[in-house]
Colleague: 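Pasting in a structure now, in structure tokens, and then I'll have a few things to ask.
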Amino acid sequence: MEVRVRYAPSPTGLQHIGGVRTALFNYFFARSMGGKFILRVEDTDRERFSEESLKDLYDTLEWLGINWDEGPEKGGDFGPYVQSKRTDLYRKYADQLVDEGMAYHCYCSSERLDNLREVQKKEKLSYGYDRHCRDLTKEERDKNEKDGLTSVIRLKIPLEGKTSFDDVLLGTVTRKNKDISPDPVLMKSDGFPTYHLANVVDDHLMEITHILRAQEWIPSGAMHVLLYKAFGWEPPFYCHLPMVMGKDGQKLSKRHGSTSVVDFRKRGYLPEAIINYVTMVGWAFDDSREFFTKEELEELFSLEKISKSPGVFDYKKLEWFNGQYIRKKSEADLIEEVIPYLKKDGIISEEVTEKEMLIIKNMMSIMTERLHFISDISELARFLFKDIGNYTLTDIIPKKMDFKGTIIALEGARELVKGFSSRTDEENEELFRKKSEEVKVKLGSMLMPLRVAISGSKVSPPIFGSLRLLGVDKALERIDHVISLLKDAAKNEEEQEGNNGQ
RNA sequence: GUCUCCUUCGUCUAGUGGUUAGGACACCGGGUUUUCAUCCCGGCAACAGGGGUUCGACUCCCCUAGGAGAUGCCA
């Protein structure tokens, strides 16, 4: 038997971590079994549907490199793969159930239903439809129709007995029929099917063999089986995936931070990191290995190793994975990644100049290990392309030093910067050490003012590398500017003291 | 309220009757280092509780507690 699985999102919002995890598990399972991965768009909720969400779905899957074997834009033998194009089909199957007495028309208004729920809640009764229309006589139905009442079609859940389904992870899950949501709606009054109907019909028609979906669907599992039985179909295997939670243990949502994949993408996360980390929430290969490429997972993934309990999404660990993957990238690849961010932040020109490109190529080696996100590059590299000046005197003057000492240290450093580029780093380091002894400050205390002067920040890539990238002339210019600032400040201070003395 | 699922360090997890309960992130310390970062070394830290079964339970069974999810003309 060929394995056929599907990812069936509904385009009512941006693709988020939870959805992508489900997609990934389905995709990896299909690949590892040599089966087919199908994409099906469940756009039956016309209220919440948005074109933007649909585009985001395609973009996200493409960015992650999750290719579907059958589905929209790709086709296949079981299309169309968009549910809004299959409404006739659902209608036909729903009518069939009504004809056979397995389902019925319900004319209850939403007001009546709202009311009912309110009363049930207040009286602490169990919630759910009261099956008001389940046993309407033919006369009553005809009257409702004649009155022009709109109707929905509901499934008749047996009042007694129990229903169970087999879950690869959970084993056999059994539910008493009386505990199943009483008579769920199959067809809405707008002519569109609900998830339950469309899902079952499509999964059967598309010959889906395994349903991997989030555990939030467990409660409707038995009901879906009942639907399969009503049609006389064989239900597929189920595998209910553990949910992804936020730090507080609640279902992961916006208030925990970004959850949409596009947000992660904009922030400078690599798809490799997201795929790897998201797969590790709820799945583990063994007791030590945790780095996997997509290709490796396509081979190694297995349902047996999925955990049953929900997992908390750890942004910190994803960040760590991202850093690891950044450092694994080749310099050439990283340059490709970095350029769009530099452009977006106005660090380099839209049409990258030769000079800019040269700096970019030369700077990557000292930038890479400082990146947690690709987007970090702009802050880090700004001083190489743009004028600086956002530093303050307190940034420049090292701890336990005054204006004069700082000026002396910086002037000493300036001497060495002049001939800097004709020497090796080792030679330079030797000279800087000697010079720092000469002016009686620690090496660090001499280099810190220099660092701020040329990079504008106390935190920067290594000084020697930065100097080389920036060029001696530019560096001297910046150093001189800082020295003059310091001298002005020192003079002011003297005058102040002089005034006080009089 | 009712039903269903879940329960090993703070977090992700390994573990399938006998282990000093292992790894990773985070955190804390130390080292390398011109800052930051990287990297290396070390430390902290868990079997929810109670009953059984057994020579022996993290592992099997039951109960309790806790958590989550569902209970829509949303998926």
Side-chain angles (χ1 to χ4, degrees), chain A residues 8-10 12-13 42-45 47-48 106 108-110 113-114 117 120-121 123-129 150-154 167 169-170 173-176 178-182 184-190 192-196 198-199 213-222 240 242-243 245 247 249-251 277 280-291 305 307-321 323 327 366-372 376 380 398 429 432-433 436 442-448 450-452 455 457-464:
Chain A
S10 88
T12 55
E42 307 217 329
D43 56 347
T44 54
D45 184 346
E47 302 262 310
R48 296 195 303 150
C106 164
C108 294
S109 66
S110 37
L113 264 16
D114 289 345
R117 240 187 309 275
Q120 286 169 336
K121 206 158 190 174
E123 313 254 320
K124 303 216 167 186
L125 298 166
S126 56
Y127 311 150
Y129 180 53
T150 58
S151 70
V152 302
I153 294 177
R154 289 180 183 271
D167 188 289
L169 239 43
L170 275 22
V173 178
T174 306
R175 242 184 143 185
K176 295 193 189 82
K178 70 177 174 61
D179 292 329
I180 295 175
S181 174
V185 171
L186 263 22
M187 286 297 278
K188 302 184 256 191
S189 54
D190 65 0
F192 280 86
T194 59
Y195 167 82
H196 305 297
N199 200 255
R213 36 130 90 142
Q215 284 190 350
E216 57 188 323
W217 292 108
I218 293 175
S220 14
H240 287 94
M243 312 245 306
M245 309 301 214
K247 262 255 175 291
Q250 312 277 118
K251 207 167 152 178
Y277 175 63
M280 300 316 283
V281 178
W283 186 85
F285 181 67
D286 61 14
D287 60 343
S288 53
R289 185 167 174 198
E290 61 179 349
F291 273 92
K305 287 173 182 291
S307 93
K308 292 185 191 178
S309 42
V312 173
F313 187 77
D314 186 350
Y315 289 81
K316 278 262 171 61
K317 187 140 188 182
L318 207 212
E319 184 175 328
W320 176 78
F321 263 109
R327 262 157 253 129
I366 58 171
M367 296 296 180
T368 307
E369 66 196 33
R370 263 156 272 263
L371 299 178
H372 283 95
D376 290 342
L380 222 45
E429 184 166 347
F432 270 92
R433 269 187 207 288
S436 72
K442 279 188 283 187
L443 181 62
S445 297
M446 184 164 80
L447 293 181
M448 186 49 85
L450 181 60
R451 178 185 309 282
V452 178
S455 77
S457 166
K458 287 160 86 170
V459 176
S460 80
I463 276 203
F464 293 171

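Chain identifiers are assigned alphabetically (A, B, ...) following the order of the sequence lines, protein sequences preceding nucleic acid strands; residue numbering begins at 1 within each chain.
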Colleague: NA contact type, A:G249, heavy-atom cut-off 4.0 Å: base, sugar-phosphate, or nothing?
Modeller: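 Sugar-phosphate, backbone atoms only, no base.
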
Colleague: Should the side chain of A:S189 and the base of B:C73 be counted as holding a donor-acceptor pair, with the cut-off at 3.5 Å?
Modeller: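 By the distance-only test, yes, there is a pair.
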
Colleague: Is the phosphate of B:C3, meaning OP1 or OP2, less than 4.0 Å from a side-chain N or O of A:K178?
Modeller: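 False: A:K178 side-chain N/O out of range (4.0 Å or more) of B:C3 OP1/OP2.
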
Colleague: At under 4.0 Å between heavy atoms, what does A:M245 touch on the DNA or RNA strands: base, sugar-phosphate, or nothing?
Modeller: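 If one applies the 4.0 Å heavy-atom cut-off, A:M245 turns out to touch the sugar-phosphate alone, with no base involved.
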
Colleague: Does any nucleotide pair with B:G43 by Watson-Crick or G-U wobble geometry, both distances under 3.5 Å, and what is it?
Modeller: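 Check on B:G43: paired to B:C27, both distances under 3.5 Å.
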
Colleague: With nearest nucleotides of RNA chain B determined for A:I463 and A:D286 from heavy-atom distances, which residue corresponds to the more 5′ nucleotide?
Modeller: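 Nearer the 5' end of the strand: A:D286.
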
Colleague: Take A:L170 and A:I218 through the side-chain contact (heavy atoms from CB on, under 4.5 Å) test and state the conclusion after the steps.
Modeller: CA-CA 10 Å; A:L170 275 22; A:I218 293 175; 3.6 Å; yes

Colleague: Are any of the side-chain heavy atoms of A:L450 and A:F432 separated by less than 4.5 Å?
Modeller: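 A side-chain contact exists here, since the closest heavy-atom pair is under 4.5 Å.
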
Colleague: Does B:A75 have OP1 or OP2 sitting under 4.0 Å from an N or O in the side chain of A:T44?
Modeller: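 For A:T44, the contact criterion (side-chain N or O under 4.0 Å from OP1 or OP2 of B:A75) is met.
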
Colleague: Measure the shortest side-chain to side-chain distance between A:H240 and A:R213 over non-hydrogen atoms and say whether it is less than 4.5 angstrom.
Modeller: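 Yes - at least one pair of side-chain heavy atoms lies under 4.5 Å apart.
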
Colleague: From the list B:A70, B:C36, B:C74, which nucleotide is the closest neighbour of the side chain of A:V459?
Modeller: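 The closest nucleotide is B:C36.
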
Colleague: On the nucleotide B:C36, are OP1 or OP2 found under 4.0 Å from the side-chain N or O atoms that A:R451 carries?
Modeller: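 Answer is no, no contact under 4.0 Å.
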
Colleague: Between the protein and nucleotides 24-29 of chain B, are there any N/O to N/O pairs under 3.5 Å, and if so, what are the atom names and distances?
Modeller:
| residue | atom | partner | partner atom | Å |
| --- | --- | --- | --- | --- |
| B:A24 | O2' | A:E290 | OE1 | 3.3 |
| B:A24 | O2' | A:E290 | OE2 | 2.6 |
| B:A24 | O2' | A:K317 | NZ | 2.9 |
| B:A24 | N3 | A:K317 | NZ | 3.2 |

Colleague: Within the 4.0 Å heavy-atom criterion, would you say A:S10 contacts the bases, only the backbone, or no part of the nucleic acid?
Modeller: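 Here A:S10 touches the backbone only, sparing every base.
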
Colleague: Has A:Q250 got a side-chain N or O lying under 4.0 Å from the OP1 or OP2 atom of B:A68?
Modeller: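 It does, given that an N or O in the side chain of A:Q250 lies less than 4.0 Å from OP1 or OP2 of B:A68.
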
Colleague: Across the strands shown, which category fits A:K176 at heavy-atom distances under 4.0 angstrom: base, sugar-phosphate, nothing?
Modeller: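 Nothing, no nucleic acid heavy atom in range.
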
Colleague: Looking at B:C6, I'd like to know if its phosphate oxygens (OP1 or OP2) sit under 4.0 Å from a side-chain N or O belonging to A:K308.
Modeller: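 For B:C6, OP1 or OP2 has a side-chain N or O of A:K308 closer than 4.0 Å.
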
Colleague: Of all residues at least two apart in sequence or in a different chain, which pass the side chain to side chain donor-acceptor pair (under 3.5 Å) check with A:R451?
Modeller: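 Scan of A:R451 (side chain to side chain donor-acceptor pair (under 3.5 Å), adjacent residues dropped) gives A:S460.
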
Colleague: Have a look at A:R289 and say if it touches a base, only the backbone sugar-phosphate, or nothing, with a 4.0 Å heavy-atom cut-off.
Modeller: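 Nothing: the residue A:R289, judged by heavy atoms under 4.0 Å, touches no strand.
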
Colleague: For A:Y127, check ring pair (Phe, Tyr, Trp, His ring centres under 6.0 Å) against everything at least two apart and list the hits.
Modeller: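 For A:Y127 there are no ring pair (Phe, Tyr, Trp, His ring centres under 6.0 Å) partners, ignoring immediate neighbours.
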
Colleague: Going by the rule ring pair (Phe, Tyr, Trp, His ring centres under 6.0 Å), which residues pair with A:F313 if we only count those two or more places apart in sequence or in a different chain?
Modeller: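 Checked A:F313 against ring pair (Phe, Tyr, Trp, His ring centres under 6.0 Å); matches are A:Y277, A:Y315.
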
Colleague: Side-chain N or O of A:K188 less than 4.0 angstrom from OP1 or OP2 on B:A75?
Modeller: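 Checking B:A75 against A:K188, a side-chain N or O does come within under 4.0 Å of OP1 or OP2.
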
Colleague: Quick one: look up who B:U2 pairs with, Watson-Crick or G-U, both distances under 3.5 Å, and put none if it's unpaired.
Modeller: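 Its partner is B:A70 (Watson-Crick or G-U wobble, both distances under 3.5 Å).
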
Colleague: So what does A:S307 hit on the nucleic acid, given a heavy-atom distance under 4.0 Å: a base, only sugar-phosphate, or nothing?
Modeller: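 If one applies the 4.0 Å heavy-atom cut-off, A:S307 turns out to touch the sugar-phosphate alone, with no base involved.
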
Colleague: Does A:R370 make a side-chain N or O approach to OP1 or OP2 of B:U38 shorter than 4.0 Å?
Modeller: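 False: A:R370 side-chain N/O out of range (4.0 Å or more) of B:U38 OP1/OP2.
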
Colleague: For A:D179 and A:R175, indicate whether the former's side chain and the latter's backbone hold a donor-acceptor pair under 3.5 Å.
Modeller: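 Here the side-chain-to-backbone pair does not exist.
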
Colleague: When both hydrogen-bonding distances must be under 3.5 Å and the geometry is Watson-Crick or G-U wobble, what is B:A65 paired with, if anything?
Modeller: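 Paired with B:A65, as far as the under-3.5 Å criterion goes, is B:U7.
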
Colleague: Under 4.0 Å, counting only non-hydrogen atoms across every strand here, what does A:V281 touch: a base, just sugar-phosphate, or nothing?
Modeller: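 Contact class for A:V281: sugar-phosphate only.
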
Colleague: Using a 4.0 Å heavy-atom cut-off, does A:G282 contact any base of the nucleic acid, only the sugar-phosphate backbone, or nothing at all?
Modeller: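 It contacts sugar-phosphate atoms only.
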
Colleague: Mind checking A:M187 for me? I need base, sugar-phosphate or nothing, with any heavy atom below 4.0 Å counting as a touch.
Modeller: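 Nothing: the residue A:M187, judged by heavy atoms under 4.0 Å, touches no strand.
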
Colleague: Using a heavy-atom cut-off of 4.0 Å across all strands, would you classify A:Q120 as base, sugar-phosphate, or nothing?
Modeller: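 Here A:Q120 touches no strand at all.
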
Colleague: Tell me every residue that passes side chain to side chain donor-acceptor pair (under 3.5 Å) with A:D45, counting only those two or more places apart in sequence or in another chain.
Modeller: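 Expected list: A:R48.
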
Colleague: What does A:R213 touch in the nucleic acid at a heavy-atom separation under 4.0 angstrom: a base, only the sugar-phosphate, or nothing?
Modeller: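 If one applies the 4.0 Å heavy-atom cut-off, A:R213 turns out to touch nothing in the nucleic acid.
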
Colleague: Can a salt bridge be assigned to the pair A:K188 and A:E47 using a cut-off of 4.0 Å between side-chain N and carboxylate O?
Modeller: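 Looking at A:E47 together with A:K188, the answer is no, because their closest N to O distance does not fall below 4.0 Å.
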
Colleague: Please work out if A:P461 contacts a base, only the sugar-phosphate, or nothing of the nucleic acid, heavy-atom cut-off 4.0 Å.
Modeller: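 Base, at least one base atom sits under 4.0 Å.
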
Colleague: Base, sugar-phosphate, or nothing for A:P310, non-hydrogen atoms under 4.0 angstrom?
Modeller: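 The residue A:P310 makes sugar-phosphate contact but no base contact.
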
Colleague: Please confirm whether the shortest side-chain N or O distance from A:T194 to OP1 or OP2 of B:C73 is below 4.0 Å.
Modeller: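 The answer is no; no side-chain N or O of A:T194 sits under 4.0 Å from OP1 or OP2.
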
Colleague: If B:A37 has a Watson-Crick or G-U wobble mate with both distances under 3.5 Å, name it; if not, just say none.
Modeller: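 Because no pair has both required distances under 3.5 Å, B:A37 counts as unpaired.
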
Colleague: Hey, which sits more toward the 5' end of RNA chain B by its nearest nucleotide, A:S151 or A:V312?
Modeller: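 First, find each residue's nearest nucleotide; the 5'-ward one identifies A:V312.
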
Colleague: I'd like to check the side chain to side chain donor-acceptor pair (under 3.5 Å) partners of A:E429; sequence neighbours left out, ordered by chain and number.
Modeller: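 Once residues adjacent in sequence are excluded, the partners of A:E429 under the side chain to side chain donor-acceptor pair (under 3.5 Å) criterion are A:R433.
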
Colleague: Counting only Watson-Crick or G-U wobble pairs whose two distances fall under 3.5 Å, which nucleotide matches B:C55?
Modeller: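 For B:C55, the partner nucleotide comes out as B:G18, under the 3.5 Å rule.
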
Colleague: Going by modelled atom types, is there a donor-acceptor pair between the base of B:U4 and the side chain of A:R175 at under 3.5 Å?
Modeller: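 Absent.
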
